[in-house]
There are 2 protein chains.
Amino acid sequence: MTNTDHLETLPRPTRQRRAIAAVLDQADDFRSAQEIHEVLRAGGDSVGLSTVYRTLQAMADAGQIDVLRSEAGESVYRRCSTTHHHHLVCRSCGATVEIEGPAVESWTRSMAAHHGYRDIAHTLEIFGTCASC
Amino acid sequence: MTNTDHLETLPRPTRQRRAIAAVLDQADDFRSAQEIHEVLRAGGDSVGLSTVYRTLQAMADAGQIDVLRSEAGESVYRRCSTTHHHHLVCRSCGATVEIEGPAVESWTRSMAAHHGYRDIAHTLEIFGTCASC
DNA sequence: CCACCAATTGACAATGATTCTCACTTTCAT
DNA sequence: ATGAAAGTGAGAATCATTGTCAATTGGTGG
């Protein structure tokens with residue numbers, strides 16, 4: 001028996017996954033799968049587009065990165081802190097600030113409960129133009 | 001000179017636009033353009049898909065309907081009250097409750113201001129499973 | 001060290017919502 | 001009625017995302 005029997009199947013550390021993680025580490029704002037694919041191609045560490053999509057979704061499912069829908073409807077990804085938070089995003093340069101709002105969290109919970117809704121999830125994003133834009 | 005010189009060009013009341021508005025009036029939850037197109041086709045008031053998209057966007061721009069992105073990434077539309085509000089949506093049956101949260105509104109404003117962001121917009125939706133599902 | 005097998009990859013096709021095109025139709029003020 | 005402008009729609013085009021499947025790879029037991 002191995003020493004990982006009790007763990008969920010972990011992804012293998014492949015060249016491709018390391019390359020994608022590296023791109024996310026260097027970016028300080030949200031990036032789309034297509035952008036990441038292009039960065040890798042330009043840098044010589046070419047990775048298949050399917051793999052980029054698969055990896056980003058896996059990382060998002062594992063809670064390692066945050067996903068949000070850009071105003072254009074594209075899914076964009078970013079490495080974030082692990083605690084629950086929301087984003088304040090500059091619609092011009094993409095600069096992102098992580099924000100927390102305990103009051104909002106409890107408000108959504110009580111709102112949902114008041115109307116009998118269960119298994120709550122919520123999305124809250126703030127878009128604006130940052131000071132330097 | 002006409003008596004509408006000072007108005008923005010208003011959309012003409014065509015059969016198609018009336019049919020689309022009628023579908024929205026009857027629905028009490030969010031509908032996609034494709035769904036509306038299908039309902040019209042089934043009801044005999046067939047309307048071109050392009051027209052459905054165009055009309056929905058125009059109505060959304062005019063503030064006559066609310067738009068939100070379903071969890072599947074599709075744009076869905078619904079006739080709503082004119083005051084600013086958010087939605088509590090059942091992810092199973094689509095039942096929608098309009099909710100208001102003055103505290104959340106002021107919180108987003110102050111958060112944005114605190115970080116120097118201007119021209120603020122925000123999205124907040126709550127998804128859950130309603131009591132009857 | 002090696003063979004083996006499941007996880008992984010990637011080129012390419014397929015999907016599906018949305019947008020674009022453009023010739024034809026309708027509306028409406030005169 | 002009539003001409004110009006607004007509106008329409010069938011079909012093509014776009015574009016992000018997902019599916020397919022044969023070839024590759026990592027790591028494990030022997």
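In what follows, chains carry the letters A, B, and so on, assigned in the order in which the sequence lines appear, proteins first and then strands, with residues in each chain numbered from 1.
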> To the nearest Å, how far apart are A:I20 CD1 and C:dT9 C1'?
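Answer to the nearest Å: 11 Å.
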> May I ask you to say whether B:R31 pairs ionically with B:E38, meaning some side-chain N is under 4.0 Å from a carboxylate O?
no
> So, A:T55 and A:Q16: side-chain donor and acceptor under 3.5 Å apart, yes or no?
no
> Measure the distance from CZ on A:R18 to C1' on D:dG26 and round it to the nearest whole Å.
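Whole-Å distance recorded here is 11 Å.
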> For a quick check of understanding: with a heavy-atom distance under 4.0 Å over all strands, which category does B:S32 fall into, base, sugar-phosphate or nothing?
nothing
> Nearest whole Å is fine: how far is D:dC15 C1' from A:E35 CD?
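After rounding, the gap between these two atoms is 14 Å.
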> Give a yes/no on whether any side-chain N or O of B:T14 is located under 4.0 angstrom from OP1 or OP2 of C:dT26.
no
> With respect to the phosphate group of C:dT18, does any side-chain polar atom (N or O) of B:S75 fall under 4.0 Å of OP1 or OP2?
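Yes, such a contact exists.
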> May I ask you to say what B:R69 touches in the nucleic acid, namely base, sugar-phosphate or nothing, with a heavy-atom cut-off under 4.0 Å?
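Nothing: the residue B:R69, judged by heavy atoms under 4.0 Å, touches no strand.
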> Need to verify one output field. Residue with the more 5' nearest nucleotide on DNA chain C, B:V76 or B:P13?
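In this pair, the answer is B:V76.
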> Remaining members of B:L49's ILVMFWY cluster at a side-chain heavy-atom cut-off under 4.5 Å?
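Result for B:L49 is B:Y53.
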> What about B:R12: does its side chain form a donor-acceptor pair under 3.5 Å with the base of C:dT27?
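For B:R12, whose side chain was compared with the base of C:dT27, there is a donor-acceptor pair (under 3.5 Å).
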> Rounded to whole Å, how long is the line connecting atom OH of B:Y53 with atom C1' of C:dA17?
5 Å
> B:S106 and B:R109: side-chain donor and acceptor closer than 3.5 Å?
no
> Nearest-Å distance, CD (A:Q16) to C1' (C:dT8)?
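Rounding to the nearest Å, CD of A:Q16 and C1' of C:dT8 are 8 Å apart.
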> Please work out whether the ring planes of A:H84 and A:H122 are parallel, tilted or perpendicular, with thresholds of 30° and 60°.
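Plane angle over 60°, so perpendicular.
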> Find the distance A:H37:NE2 to D:dC15:C1' and express it as a whole number of Å.
15 Å
> Report the relative orientation of the aromatic rings in A:H87 and A:F30; use parallel for angles under 30°, tilted for 30 to 60°, perpendicular for over 60°.
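Perpendicular.
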> Between N or O atoms, less than 3.5 Å apart, protein on one side and nucleotides 12-15 of chain C on the other: list the pairs.
| unit_1 | atom_1 | unit_2 | atom_2 | d |
| --- | --- | --- | --- | --- |
| C:dC12 | N4 | A:S50 | OG | 3.3 |

> Counting any heavy atom closer than 4.0 Å, what does B:R54 reach on the DNA or RNA strands: base, sugar-phosphate only, or nothing?
base
> Carefully, step by step, assess A:Y77 and A:M59 under the rule side chain to side chain contact (heavy atoms under 4.5 Å, CB included).
CA-CA 10 Å; A:Y77 306 84; A:M59 292 179 80; over 6 Å; no
> Just the rounded figure in Å: distance from C1' of C:dC20 to CD of B:Q57.
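After rounding, the reported distance stands at 12 Å.
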> Could you tell me the separation between the CZ atom of A:R17 and the P atom of D:dT25, rounded to a whole number of Å?
15 Å
